[in-house]
Amino acid sequence: MTPWHKTGAFKTGAALSVATGLYAISFGALSVAAGLSVLQTMVLSVFLLSGGSQFAFIGVLAGGGAGASAFGASTLLGVRNAVYGMQVNALVRPSRRLRPLAAHVTIDESAAVSSAQPTARERSIGFWVTGVGVWILWSLLTLVGALAGSRIGDPAAWGLDGAAVAAFLGLLWPRLRQRDSAGVAVVSALATALAVPFVPPGIPIIVAAVVAGFLGWRSVRGGGASGASGGGFSEAPAGAGSPASGADDDGAAGRPTGPSGARGPAGPSHEGSGS
């Protein structure tokens with residue numbers, strides 16, 4: 001068995017943690033510029049741990065908005081983590097004692113890396129390495145940005161605003177080679193673009209998630225109803241993990257599958273509840 005620190009999941013999670021952590025420098029600087037103290041800025045990063053929510057919070061304050069408005073905008077963007085929590089609970093199956101930590105580090109990055117892995121072991125590794133790695137680096141580099149303040153200049157000039165986006169595109173690109181995944185991505189992107197002019201910030205990403213979830217549900221339902229006829233949005237590939245193969249991607253036979261078709265992992269693992 002490959003050591004956990006040499007797996008593809010570890011390398012992907014570590015790389016994404018660094019890319020995301022670097023962006024925290026800009027958050028720290030912008031938060032102080034918006035009027036928050038270094039301590040208040042650190043509390044947001046350590047305990048909220050949601051980049052989109054944090055930027056929304058300081059954005060409202062910087063624009064002269066009230067604290068209640070900032071809290072509302074931040075909460076709206078954080079709703080998506082509850083959806084991630086349900087997905088991660090099914091994929092990773094964290095133990096009872098690890099669920100509070102798993103809930104805290106269930107974020108965009110950890111959910112994306114975990115769901116992209118082919119086996120239960122690598123899903124667990126990807127989730128924990130990414131979630132904990134982002135938490136540590138995001139907190140530390142927030143402090144760097146907060147202390148540096150305006151001395152670092154415009155964060156966008158350093159390219160920090162694009163680092164996390166580039167990392168996410170790297171995760172997404174391999175999946176676009178499959179026709180069904182590419183179709184879901186295109187339809188979700190179109191729905192998001194149409195929603196942007198009409199809804200508040202934070203809602204378009206929720207629209208994309210709903211559209212993608214609906215298409216995935218149709219795919220699963222259509223595949224189950226049509227069987228070998230190939231009905232539904234996507235064509236289920238034959239191979240390991242299918243009922244006919246008798247074993248999942250970890251080689252374990254006979255374990256029941258959930259609604260997504262994934263077999264339950266044998267051991268515990270990163271966030272059992274949405275953060």
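Under the 4.5 Å side-chain criterion, counting only non-hydrogen atoms from C-beta, W128 is not in contact with F10. Side-chain contact between V134 and S110 is absent, with no heavy-atom pair separated by less than 4.5 Å. Here the side chains of N89 and P94 are in contact, with some heavy-atom distance below 4.5 Å. T7 is listed as a side-chain neighbour of R121, based on a closest heavy-atom distance under 4.5 Å. Residues T20 and Y23 form no side-chain contact, since every pair of their non-hydrogen atoms from C-beta on lies 4.5 Å or further apart. Residues F47 and M42 are not in side-chain contact: their nearest non-hydrogen atoms beyond the backbone lie 4.5 Å or more apart.
Not a single donor-acceptor pair under 3.5 Å links the side chain of T12 to the backbone N or O of A9. Checking side-chain atoms of S188 against main-chain N and O of A185 turns up no donor-acceptor pair under 3.5 Å. Proximity of a side-chain donor or acceptor of Q40 to a complementary backbone N or O of L36 within less than 3.5 Å is not detected.
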Report the C-alpha separation of T142 and S139 in whole Å, then their side-chain angles, then the decisive distance to 0.1 Å, and conclude whether the side-chain contact (heavy atoms from CB on, under 4.5 Å) test is met.
CA-CA 5 Å; T142 292; S139 301; 5.8 Å; no
Evaluate the side chain to side chain donor-acceptor pair (under 3.5 Å) criterion for residues T41 and S31: first the C-alpha distance (whole Å), next the side-chain angles of each, then the deciding distance (0.1 Å), finally the verdict.
CA-CA 6 Å; T41 298; S31 179; 2.7 Å; yes
side-chain contact (heavy atoms from CB on, under 4.5 Å) between E109 and S17, intermediate numbers included:
CA-CA 8 Å; E109 293 81 3; S17 297; over 6 Å; no
Pair L44-F57, side-chain contact (heavy atoms from CB on, under 4.5 Å): steps then yes or no:
CA-CA 9 Å; L44 283 176; F57 187 87; 3.9 Å; yes
Carefully, step by step, assess I25 and W138 under the rule side-chain contact (heavy atoms from CB on, under 4.5 Å).
CA-CA 8 Å; I25 297 175; W138 183 266; over 6 Å; no
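The hydrophobic clustering, which links ILVMFWY residues whose side-chain heavy atoms are closer than 4.5 Å, places L194 and V184 apart. Under a hydrophobic clustering in which Ile, Leu, Val, Met, Phe, Trp and Tyr are joined whenever their side-chain heavy atoms come within less than 4.5 Å, directly or via other members, I107 and V132 fall into the same cluster. Both V46 and V105 are members of a single hydrophobic cluster when ILVMFWY side chains are connected at heavy-atom separations under 4.5 Å. V211 is not connected to V196 by any chain of hydrophobic side-chain contacts under 4.5 Å among Ile, Leu, Val, Met, Phe, Trp and Tyr, and they are in different clusters.
Taking CG of L141 as the start and CD1 of I136 as the end, the distance is 11.5 Å to the nearest 0.5 Å. Note that CG of L140 is 10.0 Å distant from OG of S45, once rounded to the nearest 0.5 Å. Rounded to the nearest 0.5 Å, atoms CG (L137) and CG (L22) are 8.0 Å apart. The distance from atom OG of S124 to atom CZ of R93, rounded to the nearest 0.5 Å, is 12.5 Å.
Smallest separation of non-hydrogen atoms from Q117 and E122: CG-O, 3.4 Å. In terms of heavy-atom proximity, S74 sits nearest to L48 at OG-CD2, 3.8 Å.
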